[in-house]
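These values consider heavy atoms only, across backbone and side chains, with no hydrogens, waters or symmetry-generated copies.
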Amino acid sequence: MKKYIALTIAAALAFASCAPKDDSIQLFNGSNLDGWGFVLADDSVAATDVFSAADGVISITGTPFGYMYTLEEYENYEISVEWRWPEEPANSGVFLNIKALSAPFPNCVEHQLQAGNAGQFLALGGSKLEGVEAPEGGIGRKERMADSAEKEPGEWNQAVITVVDGNISTYVNGVFINECKDEVNGGHIALQSEGGPIQFRNVVLKKL
C-alpha cells in the first residue's frame, strides 16, 4: 500500500511539472484600481469621479475625456478585455503601445470600441500605422476587415488583441476583425473615457 501511495504521489508530481503554466496577469484585480494611473483632459475633476471598481467590474463615466493606464509597460502579449454599454451605446477604446502620457489622446494605437465600429484601429497623437495615410492634421484609420460582431447594449463583448513586434490583430466576440502594423512595439495599455458610460471586466494579459 505504501509503495502504491508513493508511486501515485510521484506520478502526480511528474504531471504537475509537465502541465502548462498559467502565466496570465490579471490587470484588474476585481475590487479596486491598484496598478492603474489616470489621465483626464480636465484636471479639476477627481479620477475617482470618473473611474471606479466594484464587484469585478470597472465603471467609467465617459466624461471628461481621458483614460486609465497600466503603471507597467508591456510588449509582446495577448490581452483579453470584456466590455459593455450599461446604458446607451457610446464611444471608448483600448489604447495600445502608449509612448507618452498626455491628455486627452496619447501617442498610441487605439483599438476602437465605439458602438458599431469595434475593431477599427486609430493612430493617435502622431502614431503611425504601416500603409495607413493620415489626412493633414487628422487621424490615421485602419478600417475593419470584417463586419461588426458586437452584441446589444447591456450584453458583454470580448476583444482578444495580440501585440507582437508591432503587429496588432484582434478578434471581437470570436470573429477576426482587423490587423495593423505599428511603427514601435510596447508601452502602457489604457481603457478610455470618451463620451458615455462603459463597463469593463476580466482584463487579462498573457506575455508571449
Distance to the ring centre below 6.0 angstrom and angle to the axis at most 45 degrees; does that hold for R201 and W156?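 Yes, R201 sits over the ring of W156.
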Approximate separation, where rounding is to 0.5 Å, of [X] [atom1] and [Y] [atom2]:
| X | Y | atom1 | atom2 | answer |
| --- | --- | --- | --- | --- |
| E150 | W83 | CD | CH2 | 6.0 Å |
| T48 | L33 | OG1 | CG | 10.0 Å |
| E78 | S169 | CD | OG | 8.5 Å |

Validation row: [X], [Y] side chains within 4.5 angstrom (heavy atoms):
| X | Y | answer |
| --- | --- | --- |
| I177 | Y171 | no |
| V160 | T170 | no |
| Q158 | S80 | yes |

Between K151 and N173, is a side chain to side chain contact (heavy atoms under 4.5 Å, CB included) present by the stated rule, with each step listed? CA-CA 8 Å; K151 298 180 181 180; N173 294 327; 3.8 Å; yes
Salt bridge between E183 and K128, side-chain N to carboxylate O under 4.0 Å?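 Answer for the salt bridge query: no.
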Would you call D182 and K99 a salt bridge, taking side-chain N to carboxylate O under 4.0 Å as the test?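 Yes.
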Same cluster for L96 and V172 if Ile/Leu/Val/Met/Phe/Trp/Tyr side chains link at under 4.5 Å?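 Same hydrophobic cluster.
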Examine I161 and I98 and state if one hydrophobic cluster contains both, with Ile, Leu, Val, Met, Phe, Trp and Tyr joined whenever side-chain heavy atoms are less than 4.5 Å apart.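 The answer is no; the residues belong to distinct hydrophobic clusters.
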Show your reasoning for whether side chain to side chain contact (heavy atoms under 4.5 Å, CB included) applies to S59 and F51. CA-CA 6 Å; S59 295; F51 307 97; over 6 Å; no
Would you say Q112's side chain and Q114's backbone share a donor-acceptor pair under 3.5 angstrom?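 Yes.
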Under a 3.5 Å cutoff, is there a donor and acceptor pairing between the side chains of N178 and K142?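 There is such a pair (donor and acceptor under 3.5 Å, judged by atom type) between the side chains of N178 and K142.
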For residues F200 and V81, report the shortest heavy-atom separation together with the two atoms involved.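 Of all heavy-atom pairs spanning F200 and V81, the closest is CD2-CG1, 3.5 Å.
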Where Q120 and R144 come nearest, the two heavy atoms and their spacing: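 Heavy atoms only, the tightest pair is N-CG, 3.5 Å.
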